[in-house]
Amino acid sequence: MPRIAYFGPQGTFTEQAARSLAGADELVPVETISSALTSVRRGEADAACVPVENSVEGPVSATLDGLAEESPLVAVAEALLPVHFTVLTRDDVETVRTVASHPHALAQVRWWLEHNLPEARAVVSSSTAAAAVAVQRGEYDAAVTAPVAVEHYPLRVLATEVADVPDARTRFLLLRPPGVLPEPTGSDRTSIVAAAANRTGALAELLAELATRGINLTRLDARPIKGNFGLYRFFIDFEGHVAEPRIGAALAALRRRCNNVRFLGSHPRADGVQATIEPGAANDDFGNADAWVDAVRKGELA
Ligand SMILES: O=C(O)C(=O)Cc1ccccc1
């Protein structure tokens with residue numbers, strides 16, 4: 001049975017996302033985002049499910065860095081989960097003095113903690129479920145977790161539906177080694193990472209290749225290239241599928257301008273938003289224009 005390694009342990013938001021993407025595949029919890037990616041690269045799992053971005057805290061750096069380095073992986077599907085939290089404690093805790101969670105979770109409940117657990121010091125854990133495990137072991141007094149964590153960890157529920165920002169969401173990716181790409185649907189997302197040269201206008205030139213082909217960006221993040229202070233990689237997500245001519249033409253142009261472009265996948269969007277097609281940027285427009293150039297080259301037209 002195909003195996004999907006997910007950022008665990010059991011009871012994380014990522015497990016919820018993996019369940020929605022897995023079908024009948026076996027789910028295997030691993031401790032870190034990096035180990036989920038490594039298990040696919042080593043062939044120990046067929047796919048990895050990891051968080052990639054959050055509407056409150058932004059990018060998940062471990063995922064971005066893990067995709068830019070080592071052997072390539074491509075995103076073949078995504079899941080978008082609404083994120084609100086459950087706060088768990090033990091029966092023997094009278095005053096909560098330490099509250100543990102994943103940094104993205106702590107960032108999303110800062111206001112709630114100040115007003116409801118003012119004596120609690122926030123402690124970072126590797127995931128929301130790892131925080132629940134630590135509370136069970138007596139290492140901390142409370143954990144900020146995913147709602148499903150109560151099914152795995154028999155702790156006392158202090159609060160549910162906790163969220164400083166209503167309607168917060170996290171997007172998760174299902175990653176595989178390069179292979180057959182999902183078919184285009186009209187509501188797709190393509191992702192790349194490129195190291196723009198360190199000279200005036202280099203990033204603007206890359207973005208212009210996308211803009212002039214009518215391609216709408218959905219995300220732009222910069223991450224430092226470790227060991228090269230001041231140099232950055234740019235993670236760019238945009239509407240469309242590499243099978244579409246405007247996306248293929250833009251990728252070819254990026255590749256010409258920058259020898260350090262990595263394709264990170266084209267897959268259907270979880271929110272079903274249809275790609276914006278600017279005038280002159282439809283598949284037929286590209287096809288007709290290419291046919292015209294061919295005819296000109298053959299001397300059939302002027
Ligand atoms: O720790 C988890 O449960 C995760 O899956 C990462 C995460 C943390 C906070 C919000 C969304 C995802």
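As the structure lists them, so they are numbered: ligands from 1, and atoms in each ligand from 1.
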Any luck finding a side-chain donor-acceptor pair between Thr38 and Ser35 under 3.5 Å?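 The criterion, which ignores hydrogens and geometry beyond distance, is not satisfied for Ser35 and Thr38.
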Report yes or no: do Thr170 and Glu53 form a side-chain donor-acceptor pair below 3.5 Å?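 Their side chains do not contain a donor-acceptor pair, so the 3.5 Å distance test is not met.
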Taking the minimum heavy-atom distance to [atom], which of [options] ranks first?
atom	options	answer
atom 8 (C) of ligand 1	His102, Arg169, Arg171	His102
atom 9 (C) of ligand 1	Ala105, Gly8, Pro9	Ala105
atom 5 (O) of ligand 1	Thr14, Thr12, Leu106	Thr14

Below 3.5 Å, N or O to N or O, backbone or side chain included: is there any such pair between Phe13 and ligand 1?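 Min N/O separation from ligand 1 is below 3.5 Å for Phe13.
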Please say whether Thr128 places an N or O atom under 3.5 Å from an N or O atom belonging to ligand 1.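 Looking only at distances, the answer is yes, because the N/O contact criterion of under 3.5 Å is met.
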Contacts of type side-chain contact (heavy atoms from CB on, under 4.5 Å), residue Ala211, not counting sequence neighbours: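 Expected list: none.
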Closer than 4.0 angstrom: is that true for some heavy atom of Ala129 and an atom of ligand 1?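 No, Ala129 has no heavy atom closer than 4.0 Å to ligand 1.
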Return each pair, listed once, that meets salt bridge (Lys or Arg N to Asp or Glu O under 4.0 Å) where at least one residue sits in residues 100-111; pairs must be two or more places apart or across chains.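 Not a single pair qualifies under salt bridge (Lys or Arg N to Asp or Glu O under 4.0 Å).
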Using heavy atoms and a threshold below 4.0 Å, how should the contact between Ser127 and ligand 1 be classified: side chain, backbone, both, or neither?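 Both backbone and side chain of Ser127 come within 4.0 Å of ligand 1.
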Heavy atom under 4.0 Å from ligand 1: found in Thr170's side chain, backbone, both, or neither?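 Only the side chain of Thr170 comes within reach of ligand 1.
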Give me the nearest non-hydrogen protein atom to atom 6 (C) of ligand 1 as residue plus atom name, then the distance to 0.1 Å.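 Of the protein heavy atoms, Phe7 CE2, 3.8 Å lies nearest.
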Are the charged groups of Glu278 and Arg246 less than 4.0 angstrom apart, N to O?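 No, this pair does not count.
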Separation of Arg269 CZ from His241 NE2 (nearest 0.5 Å):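 Result: 14.0 Å between the selected atoms.
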So, Asn260 side chain and Cys258 main chain: donor-acceptor pair closer than 3.5 Å or not?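 Side chain of Asn260 to backbone of Cys258: no pair is present.
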